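For reference, the structure is listed below as structure tokens.
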Amino acid sequence: MANNTSPHILSTAGNLLGFCLVVITSLHISNQIESQFIDELTAIVAILLTLSCIFSFSSIRTSIEKKEKRFETIADYLFIAALVGILIIILLITLNFLS
């Protein structure tokens with residue numbers, strides 16, 4: 001088993017998925033109309049994190065080394081895209097509170 005990052009991606013992406021769900025829930029509870037873009041972006045990030053979890057889990061479970069590396073690479077790219085999305089969400093929420 002050559003994958004070193006798949007277990008870490010799986011656990012961290014799962015935790016960040018919970019963060020995204022809390023953000024979506026809090027935006028709906030506060031009824032902030034201007035935060036619809038943040039809501040939609042958070043949903044996209046949640047999808048990226050879910051796909052990252054699926055691919056990292058597939059990487060851990062497969063016994064074919066070529067598929068293992070491919071799944072781990074896909075999970076890695078999805079995870080970094082989700083992290084960039086979370087950074088944008090945090091910046092937008094911060095700007096929303098400051099204005």
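Owing to the predicted nature of the structure, the values given are computational and were not obtained by experimental measurement. Position 1 is the first residue of the sequence, and the numbers go up from there.
- Minimum interatomic distance between Phe71 and Phe55 (heavy atoms only, all atoms of both residues): CB-O, 3.5 Å.
- The side-chain heavy atoms of Ile88 and Leu92, taken from C-beta on, include a pair separated by under 4.5 Å.
- Closest heavy-atom contact between Leu16 and Leu83: CD1-CD2, 3.7 Å.
- With rounding to the nearest 0.5 angstrom, the OG1 atom of Thr73 is 10.0 Å from the CD atom of Glu68.
- The hydrophobic clustering, which links ILVMFWY residues whose side-chain heavy atoms are closer than 4.5 Å, places Leu17 and Ile90 together.
- Atom OG of Ser58 is separated from atom CZ of Arg70 by 12.0 Å, given to the nearest 0.5 angstrom.
- No chain of hydrophobic side-chain contacts below 4.5 Å, direct or via other Ile, Leu, Val, Met, Phe, Trp or Tyr residues, connects Ile38 to Val22.
- Here the side chain of Glu72 pairs a donor or acceptor atom with the backbone of Thr5 at under 3.5 angstrom.
- Between Ser52 and Ile9, the shortest heavy-atom contact is OG-CG2, 3.2 Å.
- Residues Leu87 and Ile80 do not share a hydrophobic cluster, defined by chaining ILVMFWY side chains whose heavy atoms lie under 4.5 Å apart.
- Going from atom CG of Leu49 over to atom CG of Leu21 covers 9.5 Å, rounded to the nearest 0.5 Å.
- To the nearest 0.5 Å, atoms CZ (Phe19) and OG1 (Thr42) are separated by 7.5 Å.
- Using a 3.5 Å distance cut-off with no hydrogens or angles, the side chains of Ser6 and Ser56 do not pair a donor with an acceptor.
- One hydrophobic cluster, built from ILVMFWY side chains closer than 4.5 Å, cannot hold both Tyr77 and Ile47; they sit in different ones.
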- prompt: Stepwise, does the side chain to side chain contact (heavy atoms under 4.5 Å, CB included) test hold for Val84 with Val45?
  reply: CA-CA 9 Å; Val84 170; Val45 168; over 6 Å; no
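- Residue Ile89 comes nearest to Leu41 through the heavy atom pair CG1-CD2, 3.7 Å, listed as atom of the first residue, atom of the second, then distance.
- Using a 4.5 Å cut-off between side-chain heavy atoms of Ile, Leu, Val, Met, Phe, Trp and Tyr, with links allowed through other members, Ile93 and Ile86 fall into the same hydrophobic cluster.
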